[in-house]
Amino acid sequence: MNKVQHENHTMTLTDDLTGKSVKLPVMKGTIGPDVIDVRGIYGAANKFTFDPGYSVTGSCISELTYIDGDEGILLHRGYSIEELAEKSDFLEVAYLLLNGELPNITEKGEFVEAITHHTMVHEQISTFFRGFRRDAHPMAILCGVTGALSAFYHDSTDIHDPHQRMIASRRLIAKMPTLAAMAYKYSIGQPFNYPKNELNYAENFLQMCFSVPAEDYVPDPIVSNAMDKILILHADHEQNASTSTVRLAGSSGANPFACIAAGIASLWGPAHGGANEAVIKMLEEIGDVSNIQKFINKAKDKNDSFRLMGFGHRVYKNYDPRATVMKESAHEVLEELNMQDDPLLKIAIELEKIALKDEYFISKKLFPNVDFYSGIILKSLGFPTSMFTVLFAIGRTVGWISQWKEMIEDPINKIGRPRQLYTGYKSRTYQIESTREKKSIFNWLWKKN
Ligand code: CMC
């Protein structure tokens, strides 16, 4: 941990008003831009930095994931996402993220065995579901029941014990598909399915979602491979909103199951994980290839809040490498399922073509992101749109918990506590008279009635 080299050089920040200067150390990682260590600014210059949305602020030191947004590169522990999606499987990637290295055969076997044997949830968890309205959004349910897991494992989760951290991490990776499938089954009024140990991670999730007591579910290898790939592509994405939420919640020493519930809440928004659901809604609204230009024009109109869902990214200013793999996978799956003529796929392909030639999208470097094609695959696999972000959450759980673990193990970890630029009143005197006036009006109204 902490392989950061402090560069010999510093950067000097000078206050043009007072002429006072502060020397700031420059930190160097293995790749990527150098980082200015601004921690000394307040002490030396009595000033904070301002960066809403944290566009240029590093909040931690991490060895997990690297993104080069200009080049469209995504690496997990140094391995490219394209290579992992092609050659690996989700549990192997999960092991890699958690432990830093790809597992050997014995390690892989032991990890798969451990995850498989943690997939069941306490039977009492199922009673939580009954508290939700039957039409509740599965993300609302997932957020609630994942938070509820913290009540089941609170006393056995000492976050300062590496063994207990490892058990909590494995429990979360193992139980998330079970909870997600239960949220789905509850929302469609079908009985919950228990996990089956003879199935792999993706197959088991599909079985828990699509099998019914009346008949057996036989997983289609193309479908389960596509599911596995979707999970790999969502496994981690450095310090995005939900991961930062997990880290921030965890920085206070909170229960990891509760921290992951906080991450799920953050993921739900349409600017983050909710975009895959929004993409399908948008494609359905477009309805026909002939309407695409109208929607492109809406997206470009400053006075219209509409945005092309599945386009643009805070970090990628090039094609999102996950979108490339997702697009290929969408074609494969639709071909296998004999759905090549899917009208939404046609609209998506045409929309992408038109947008990529449009000066607005070119100049703002807006390219398709991971969510642009994932919804099409998930829809063809039989998932309703409300489940799309839930599937994102299953994949991302390993990223969240690996980042949480890294944070807890990092000696520089301290509670997250941003500062602010205050623009409210300086000082005001409490006006007794106005309260008396309010009271007399209240008494008058009371008597009148
Ligand atoms: N359609 C039309 N215009 C856009 C879009 C879009 N999808 N995305 C950004 N812009 C414009 C935006 O209006 C702004 O224009 P201007 O500079 O004239 O004000 C400029 O591009 C920069 O946008 P921004 O909102 O300042 O950029 P950001 O980095 O804060 O936002 C984003 C990134 C992902 C929230 C945004 O691109 C967006 O809302 N995209 C649609 C939602 C979406 O697909 N989200 C999924 C993200 S990937 C999944 C994940 O990893 O979470």
Side-chain angles (χ1 to χ4, degrees), residues 115 118-157 159 167-195 204-206 208-210 231 234 240-278 378 383-401 403-404:
I115 297 295
H118 275 299
T119 47
M120 280 176 68
V121 292
H122 195 291
E123 202 55 26
Q124 253 183 308
I125 287 277
S126 58
T127 56
F128 276 84
F129 286 82
R130 297 204 190 103
F132 290 98
R133 268 174 62 129
R134 69 184 161 78
D135 57 352
H137 195 290
M139 273 303 271
I141 302 180
L142 190 69
C143 189
V145 291
T146 305
L149 279 185
S150 60
F152 287 79
Y153 301 112
H154 192 62
D155 293 335
S156 62
T157 311
I159 61 165
I167 301 253
S169 307
R170 291 178 170 190
R171 278 190 174 130
L172 273 156
I173 296 165
K175 292 181 199 313
M176 199 55 75
T178 312
L179 293 178
M182 289 169 89
Y184 173 55
K185 285 298 200 189
Y186 185 78
S187 71
I188 56 167
Q190 289 187 3
F192 300 141
N193 287 322
Y194 287 107
N204 199 18
F205 173 61
L206 292 167
M208 286 189 283
C209 285
F210 297 126
L231 297 175
H234 287 96
N240 55 81
S242 57
T243 302
S244 300
T245 302
V246 171
R247 277 188 178 256
L248 195 54
S251 74
S252 70
N255 179 297
F257 296 88
C259 296
I260 300 301
I264 294 172
S266 170
L267 182 74
W268 193 2
H272 191 8
N276 49 17
E277 187 176 342
L378 295 174
F383 286 105
T385 45
S386 59
M387 275 296 286
F388 292 2
T389 317
V390 169
L391 285 141
F392 192 151
I394 299 175
R396 186 55 56 86
T397 296
V398 64
W400 288 331
I401 201 65
Q403 298 265 359
W404 169 84

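Along the sequence shown, the residues carry numbers beginning at 1. From a predicted model like this one, the values you see are computed outputs, not experimental measurements.
The shortest distance between side-chain heavy atoms of M387 and L378 does not fall below 4.5 Å. The closest side-chain heavy-atom distance from V121 to M182 is below 4.5 Å. Between P256 and I401, some side-chain heavy-atom pair lies under the 4.5 Å cut-off. Under the 4.5 Å side-chain criterion, counting only non-hydrogen atoms from C-beta, M208 is not in contact with T119. Contact annotation: the side chain of L149 approaches that of L179 to within less than 4.5 Å [non-hydrogen atoms, C-beta and beyond]. For the pair Y184/P384, a side-chain contact is recorded, criterion being any heavy-atom separation below 4.5 Å from C-beta on.
Y194 is linked by a ring-ring contact (aromatic ring centres under 6.0 Å, His included) to nothing, counting only residues two or more places apart in sequence or in another chain. Qualifying ring-ring contact (aromatic ring centres under 6.0 Å, His included) partners for F205, counting only residues two or more places apart in sequence or in other chains: F383. With sequence neighbours excluded, the residues satisfying side chain to side chain contact (heavy atoms under 4.5 Å, CB included) with A241 are S266, H272. A search for salt bridge (charged side-chain N to carboxylate O under 4.0 Å, His left out) contacts involving R396 returns nothing, not counting sequence neighbours. For S169, the side-chain hydrogen bond (donor to acceptor under 3.5 Å, both in side chains) criterion is met by no residue, not counting sequence neighbours.
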Show the atom names and distances, to 0.1 Å, of all donor-acceptor pairs under 3.5 Å that link a side chain in residues 132-143 to residues at least two apart or in another chain.
from, atom 1, to, atom 2, distance (Å)
R133, NE, D135, OD1, 2.9
R133, NH2, D135, OD1, 3.4
R133, NH2, D135, OD2, 2.7
H137, ND1, M139, N, 3.0
H137, NE2, E277, OE1, 3.4

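Atom CZ of F192 is separated from atom OG1 of T178 by 11.5 Å, given to the nearest 0.5 angstrom. Separating the CD atom in Q403 from the OG atom in S242 is a distance of 9.5 Å, to the nearest 0.5 Å.
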Apply side chain to side chain contact (heavy atoms under 4.5 Å, CB included) to I125 and K175, showing your working. CA-CA 11 Å; I125 287 277; K175 292 181 199 313; over 6 Å; no

So L248 and S251, side chain to side chain contact (heavy atoms under 4.5 Å, CB included) or not? Walk me through it. CA-CA 5 Å; L248 195 54; S251 74; 4.3 Å; yes

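Shown here for A393 and M176, the closest heavy-atom pair between the two residues is O-CG, 4.4 Å. Contact record, S150 with N255: CB-OD1, 3.3 Å, taken as the closest heavy-atom pair. Pairing each heavy atom of G274 with each of T389, the nearest pair is CA-OG1, 3.5 Å. Counting all heavy atoms, side chain and backbone alike, I159 lies closest to A254 at CG2-O, 4.3 Å. What you find for C259 and V246 is that their closest heavy atoms are O-CG2, 3.5 Å. Across P177 and I173, no two heavy atoms sit closer than the pair CD-O, 3.3 Å.
Remark: of the listed residues F152, W404, Y153, Y153 is the sole one forming a ring pair (Phe, Tyr, Trp, His ring centres under 6.0 Å) with F257. With F392 as reference, L267 is the one residue of I264, L231, T397, L267 to meet the side chain to side chain contact (heavy atoms under 4.5 Å, CB included) rule.
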